[in-house]
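Following: one structure in structure tokens, then a few remarks.
Chain A is the first sequence line, chain B the second, and so forth, proteins listed ahead of strands; every chain is numbered from 1.
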2 protein chains.
Amino acid sequence: MDHIDFKILKILQTKARIPNVEVAREIGMAPSAVLERIKKLEAQGVIDGYEVRLNPDQFEGSLIAFLHVTLTRNARIKETAMALADMASIQEVHYIAGEDGLMLKVRVADTSALETLLTTRINPMPSVARTKSSIVLSTFKETAKIPLPETYHTTP
Amino acid sequence: MDHIDFKILKILQTKARIPNVEVAREIGMAPSAVLERIKKLEAQGVIDGYEVRLNPDQFEGSLIAFLHVTLTRNARIKETAMALADMASIQEVHYIAGEDGLMLKVRVADTSALETLLTTRINPMPSVARTKSSIVLSTFKETAKIPLPETYHTTP
DNA sequence: AATGAAACTCGCGCGGC
DNA sequence: GCCGCGCGAGTTTCATT
């Protein structure tokens, strides 16, 4: 992976659906060479897939909340985390250092949908001791972009 | 926006870079009709763009942390949030209800990079009273997918 | 709004450098 | 590893219903 690969990834990170030839034009290479690199990045698992970015406030998912889930002393962490991961309105499940807890990011229609999620699905779980909700009033930035370095020095 | 649009969005949400004809095949319509709908969704702002999903542990961004930033009594919230949003390693900036605080999601190389970010950039800000870091040990789920309803009833 | 056909553009494999 | 060429496949426009 060299600095040309990073150029390609930077382009794809903002507009992933543009044709291959346009990527090639932007970095000044032949389309076939660019295609070769992209295929390689996909095979290596550097590129995990392509997603459409939807505008959240056009859907029933305008309320974001972060939930701090405290687990019981003898909780089965992995099972609990995976059960939570199966729920569509839970976008993120992270295990947090030092607090025996999970951090969840959820996206629901409104506070009543959040209440339903908490009381009927999360709180009843045996491994869940308690939850603390932080409700988002406004979002200033929300991206999954991974910052890529300007220059990349090859490590052989 | 009808149920056909939702079908299209569901397909694009998992694999955005597939050819148009394949989308058309999957929902049983002519390619030109699908294209027309996609263009319309883009124009309406329902589709915000297309992104590549990169594998984080192949980059210098394998450490995720959630930072709870407590603001000072007379803080300029918007200015502070926007200044934080400008930093590449900060992926999310949310204003949280009830605690005069911001919730940040950051993605950095390691704990020392996090330390640098905190001590040189975040903590010195005049509106920042204190920060509390929650470091992620493992991630079970991390997606930006917005759950779409199976059936959609047109609201005229 | 969906369709089918036509014109155009791109994806992608191959041979050569 | 990059380029150029070529054919099959996909994209896009447009007249038609």
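For B:Leu35, the side-chain atoms get nearest to D:dT13 when compared with the rest of D:dT13, C:dG11, D:dC3. Closest to the B:Glu36 side chain, of the nucleotides C:dC10, C:dA2, D:dG10, is C:dA2. Nearest to the side chain of A:Met29, among D:dC2, C:dG11, C:dA1, sits D:dC2.
Within 3.5 Å, a donor on the side chain of A:Ser32 pairs with an acceptor on the base of D:dG4, or the reverse.
Atom-to-atom, CZ of A:Arg37 to P of D:dC3 comes out at 9 Å; the value is rounded to the nearest Å. For the pair B:Ile18 CD1 and D:dT11 P, the computed distance is 9 Å after rounding to whole Å. As a whole-Å value, the separation of A:Lys39 NZ from D:dG1 P is 17 Å. Distance CD1 (B:Ile38) to C1' (D:dG10): 13 Å, rounded to an integer number of Å. Atom-to-atom, CG of B:Asn20 to C1' of D:dA9 comes out at 13 Å; the value is rounded to the nearest Å.
The residues B:Lys132 and A:Glu99 are annotated as salt-bridged, a charged nitrogen and a carboxylate oxygen being separated by less than 4.0 angstrom. Ionic pairing of B:Arg121 and B:Asp86 is not present here: no N-O contact between side-chain nitrogen and carboxylate oxygen is shorter than 4.0 angstrom. Salt bridge present: B:Glu92 and A:Lys105 bring a charged side-chain N and a carboxylate O closer than 4.0 Å. Salt-bridge annotation for B:Arg53 and A:Glu42: absent, with no side-chain N of the basic residue lying under 4.0 Å from a carboxylate O of the acidic one.
Ranked by how close their nearest DNA chain C nucleotide is to the 5' end, B:Ala30 and A:Glu22 are led by B:Ala30.
Between B:Lys40 and C:dA1 there is a side-chain N or O to OP1 or OP2 distance below 4.0 Å. Within the 4.0 Å cut-off from OP1 or OP2 of D:dG10, not a single side-chain nitrogen or oxygen of B:Arg17 is found. A close approach under 4.0 Å does not occur between any side-chain nitrogen or oxygen of B:Arg25 and OP1 or OP2 of D:dA9.
Residue contacts shown for B:Ala33 include a base, since a base heavy atom lies under 4.0 Å away.
For the side chain to side chain contact (heavy atoms under 4.5 Å, CB included) with A:Val34, the lone residue among A:Lys39, A:Glu22, A:Lys7, A:Met29 that qualifies is A:Met29.
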